[in-house]
Amino acid sequence: MTIRNDLEGMIEAATTAAMASGDLPQVPLPEIVIETPARPEHGDYATNLPLRLARAARANPLDLAKTIASRIPVTEMLRAAEAAPPGFVNFRLSEPWLARQVDAILAAGADFGNVPIGNGKRVQVEFVSANPTGPLTAGNGRGAAIGSVLASVLEAAGYHVEREYLVNDAGTQTEVFGRTLVARYQQLLGKSVEIPADGYPGEYMIDIAKRIRAESGDAYDYATIDEPPPAMVLRGVEMIVEGIRADLQRLGVHYDVWFRERSLYDSADGPSVYDTAMARMREQGFLVEKEGALWFASSELGEDKDNVVIRSTGRPTYFASDIAYHYEKFHTRGFDRVLNVWGADHQGHVSRLKAAVQALGVEPARLEILIYQLVSFRRGEELVRLSKRSGNIVLIRDIVDEVGEDAARFFFLSRSADSQMEFDLELAKRQSSENPVYYVQYAHARIAGIIANAGDRGFSSEGADVSLLSHPMEQDLVRKMLQLPELVQLMAERSEPHHLPHYAQELATAFHQFYTECRVLDDEQMPLSKARLRLCEAARIVLARALTLMGMSTPDKM
RNA sequence: GCGCUUGUAGCUCAGUGGAUAGAGCGCUACCCUGCGGAGGUAGAGGCCGUGGGUUCGAGUCCCGCCAAGCGCGCCA
């Protein structure tokens with residue numbers, strides 16, 4: 001239960017009671033919005049409910065505010081509720097209560113920040129899912145950071161989360177990959193075979209060919225570009241996937257499931273998922289034949305056009321795979337909620353997939369597709385092109401090498417998914433020692449240092465009386481710490497992980513300010529030292545939680 | 001041409017329809033005879049792209065325009 005939720009309940013109770021007693025006109029209750037005022041004199045929280053009620057109630061908003069405020073009880077938590085012009089009710093938290101929350105945070109420990117809004121519902125977060133035709137580019141890093149943190153946030157919000165990577169090992173790109181692989185392989189054998197015009201020119205393909213040659217001897221010497229041996233192609237894909245997995249691991253990203261697109265077509269144990277999904281679409285009358293191809297009649301569901309699912313060649317499109325894949329997610333595995341994190345280049349695919357899911361009998365709201373805008377990279381003035389086909393690509397491992405995994409994650413995370421971001425590699429490298437990530441981690445190291453120092457000097461928080469924590473800096477630090485659960489809720493509800501880095505910075509600032517103003521270890525003031533030491537312990541827990549949610553390390557020394 | 005997203009300080013970006021628009025970097029001036037100075041304090045710097053509209057109230061919502069990124073039936 002967050003403070004906001006408590007206040008919301010109190011406001012609603014006060015308002016409805018006032019209406020019942022005739023102190024307020026009986027009008028429909030608008031949504032109760034609780035904001036955090038920008039100015040301290042406006043309290044810790046505020047609601048604009050009186051302003052929202054004024055029109056319907058045909059009353060002066062300030063009068064409404066006074067009526068509501070007078071019915072808000074003072075509690076252990078709440079020191080005062082005050083009406084303020086033009087029609088706010090401002091809430092002030094009780095200082096003793098704030099101080100006591102230090103013990104509450106310590107009791108919660110690593111669970112502090114959790115909110116029980118997910119009710120154990122099963123949500124799948126699918127992210128990155130880049131084609132296994134080459135190493136991950138720097139641009140994939142944004143999806144990796146957003147997806148993995150969103151997954152952590154949803155877990156903290158009480159969902160049962162599964163992280164998934166879709167390995168596209170069945171489509172056209174895989175075929176092109178296979179032909180390129182055979183070409184490189186034959187080149188190793190001294191044959192003058194050109195890689196296909198639409199193939200993958202990167203040097204890594206030569207390495208893959210070499211490794212296959214090394215582990216398979218001459219088994220594939222017969223291979224031709226026209227008919228790449230399936231086992232060889234699969235092995236090549238496997239090697240690429242291993243590389244992708246390693247790159248993601250270096251970024252601190254882990255998955256529960258690596259799902260093979262190919263498995264959708266597996267009919268060894270009865271009808272394939274693909275066949276089942278297509279049959280379902282057909283039964284519902286959403287598949288129509290025209291121009292020699294099979295189309296999903298998405299225009300019947302409000303889309304501006306139909307989409308091909310089976311080409312005139314008889315091969316299914318990627319869209320068909322995706323339909324089958326989402327049938328599998330919802331019907332076979334039964335996720336309550338599915339969250340796909342996609343780059344903006346897939347934007348055009350969003351609404352037709354939602355339509356397809358609807359055609360499969362799934363409420364479209366259960367599928368959320370989070371689009372993040374693409375990242376452009378430059379080195380100083382020079383723009384860097386990002387394409388697996390271009391020679392001049394930046395890989396995610398290059399980024400990690402240059403700025404470190406923590407800084408890379410923090411940087412990718414701190415922009416909202418909607419905003420295009422520009423990543424200047426030179427700048428990132430040059431400023432790395434002054435990157436906000438170090439500011440935040442330094443705060444954690446500083447706390448750890450104090451706590452270690454306390455142990456060495458015989459200080460202990462044992463038997464601390466946290467009610468001594470009445471200094472404004474102490475109180476502000478606690479206030480900031482208490483925002484984490486609310487932030488987790490907000491991020492889970494809106495799928496906006498980018499608030500976390502900003503929060504972490506604010507929390508670090510609150511600690512640094514406290515540290516500057518308040519000496520923790522003081523032989524002359526033992527009781528206060530104990531209380532402040534305990535405050536440090538709580539601050540460490542909250543800062544560590546914020547860092548951990550972001551997938552960053554929590555250094556004790558730097 | 002159509003669709004999605006974006007335009008806020010010199011730069012990179014936050015900002016739940018509310019009260020005097022914020023942070024980091026950069027710039028200027030300060031603060032260590034005390035626990036980690038990778039820190040703290042203060043300051044300069046804004047017609048929130050632009051023109052209308054809705055509203056008691058708009059950086060935030062709606063419409064037009066300008067600009068940028070991405071996409072636009074059998075690539076993924």
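Chain letters run A, B, ... following the sequence lines, proteins first and then strands; every chain starts at 1. What you see below is based on every heavy atom in this structure, not just the backbone, and it leaves out hydrogens, waters and symmetry mates.
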Checklist entry - Is the number of heavy atoms from other residues, nucleotides or ligands within 6.0 Å of CD (E41(A)) greater than 12? => result yes
Among residues at least two apart in sequence or on other chains, which ones pass side-chain hydrogen bond (donor to acceptor under 3.5 Å, both in side chains) with [X]?
X       : result
N48(A)  : R52(A)
D306(A) : K290(A), S299(A)
E368(A) : R337(A), S495(A)
E496(A) : R494(A), H499(A)

Which of parallel (below 30°), tilted (30 to 60°) and perpendicular (above 60°) describes [X] and [Y]?
X       : Y       : value
H498(A) : H502(A) : perpendicular
Y165(A) : W258(A) : parallel
F286(A) : F296(A) : perpendicular

Next on the checklist: Looking at D322(A) and R352(A), is there a salt bridge between them, counting it only when a charged N and a carboxylate O are closer than 4.0 Å?
Outcome noted: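 Looking at R352(A) and D322(A), the cut-off is not met.
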Next on the checklist: Quick test of your reading of the model: are E126(A) and K329(A) salt-bridged, counting only N-O distances below 4.0 Å?
Outcome noted: yes
Pairs under 3.5 Å (N/O, protein and nucleotides 72-76 of chain B):
from    : atom 1 : to      : atom 2 : distance (Å)
rC72(B) : O2'    : K305(A) : NZ     : 2.7
rC74(B) : O3'    : R311(A) : NE     : 3.1
rC74(B) : O2'    : R311(A) : NE     : 2.9
rC74(B) : O2     : S312(A) : N      : 2.7
rC74(B) : O2     : S312(A) : OG     : 3.4
rC74(B) : N3     : S312(A) : OG     : 3.3
rC74(B) : N4     : E291(A) : O      : 3.2
rC75(B) : OP2    : R311(A) : NE     : 3.4
rC75(B) : O5'    : R311(A) : NH2    : 3.4
rC75(B) : O3'    : T172(A) : OG1    : 3.4
rC75(B) : O3'    : R311(A) : NH2    : 3.3
rC75(B) : O2'    : Q173(A) : NE2    : 2.7
rA76(B) : OP1    : T172(A) : OG1    : 3.0
rA76(B) : OP1    : R311(A) : NH2    : 2.9
rA76(B) : OP2    : R311(A) : NH2    : 3.3
rA76(B) : OP2    : Y318(A) : N      : 3.0
rA76(B) : O2'    : N131(A) : OD1    : 3.4
rA76(B) : O2'    : N131(A) : ND2    : 3.3
rA76(B) : N6     : R352(A) : NH2    : 3.1

Checklist entry - Quick one: CD on Q347(A) to CD on Q373(A), what's the gap to the nearest 0.5 Å? => result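 Here the interatomic distance stands at 7.5 Å.
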Checklist entry - Looking at CG of D476(A) and CZ of F514(A), how far apart are the two atoms once the value is rounded to the nearest 0.5 Å? => result 11.5 Å
Checklist entry - For I34(A), which contact category applies under a 4.0 Å heavy-atom criterion: base, sugar-phosphate, or nothing? => result base
Next on the checklist: So C518(A), base contact, sugar-phosphate only, or nothing? Heavy-atom distance under 4.0 Å.
Outcome noted: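 Base, at least one base atom sits under 4.0 Å.
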Using the [atom1] atom as the point on both nucleotides, what is the distance between [M] and [N], in whole Å?
N       : M       : atom1 : answer
rG17(B) : rG1(B)  : C1'   : 35 Å
rU50(B) : rG59(B) : C1'   : 14 Å
rG45(B) : rU6(B)  : C1'   : 24 Å

Checklist entry - Would you say a side-chain N or O of R494(A) is under 4.0 Å from OP1 or OP2 of rU16(B)? => result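 R494(A) to rU16(B) OP1/OP2: side-chain N or O found under 4.0 Å.
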Next on the checklist: Tell me whether the side-chain N/O atoms of Y438(A) come closer than 4.0 Å to OP1 or OP2 in rG24(B).
Outcome noted: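 So the side chain of Y438(A) is outside the cut-off, no N or O lying under 4.0 Å from OP1 or OP2 of rG24(B).
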Checklist entry - What would the secondary structure line of RNA chain B be in dot-bracket form, counting Watson-Crick and G-U wobble pairs under 3.5 Å, with [ ] for pairs that cross earlier ones and | for pairs with another strand? => result (((((((..((((....[...)))).(((((.......))))).....(((((..]....))))))))))))....
Checklist entry - Of all residues at least two apart in sequence or in a different chain, which pass the ring-ring contact (aromatic ring centres under 6.0 Å, His included) check with H326(A)? => result none
Checklist entry - What pairs with Y372(A) under ring-ring contact (aromatic ring centres under 6.0 Å, His included), at least two apart in sequence or on another chain? => result none
Are any protein N/O atoms closer than 3.5 Å to N/O atoms in nucleotides 41-45 of chain B? If there are, list each pair with its distance.
from    : atom 1 : to      : atom 2 : distance (Å)
rU41(B) : OP1    : Q513(A) : NE2    : 2.7

I'd like a list of close polar pairs between nucleotides 27-30 of chain B and the protein, N/O only, cut-off under 3.5 Å.
none

Item to check | M552(A) and its side chain to side chain contact (heavy atoms under 4.5 Å, CB included) partner, picked from V437(A), L500(A), L413(A) | outcome: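 By the side chain to side chain contact (heavy atoms under 4.5 Å, CB included) criterion, M552(A) pairs with just one of V437(A), L500(A), L413(A): V437(A).
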Next on the checklist: Going by side chain to side chain contact (heavy atoms under 4.5 Å, CB included), name the residues that satisfy it together with N453(A), two or more places apart in sequence or in a different chain.
Outcome noted: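 N453(A) satisfies side chain to side chain contact (heavy atoms under 4.5 Å, CB included) with R457(A), L521(A) once adjacent residues are dropped.
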Between protein and nucleotides 17-20 of chain B, what N or O pairs are separated by less than 3.5 Å?
from    : atom 1 : to     : atom 2 : distance (Å)
rG18(B) : N7     : N48(A) : ND2    : 2.7
rA19(B) : N6     : N90(A) : OD1    : 2.9
rA19(B) : N1     : N90(A) : OD1    : 3.4
rA19(B) : N1     : N90(A) : ND2    : 3.4
rA19(B) : N3     : H42(A) : NE2    : 3.4
rU20(B) : O2     : R39(A) : NH1    : 3.2
rU20(B) : N3     : R39(A) : NH1    : 2.6
rU20(B) : N3     : R39(A) : NH2    : 2.7
rU20(B) : O4     : R39(A) : NH2    : 2.2

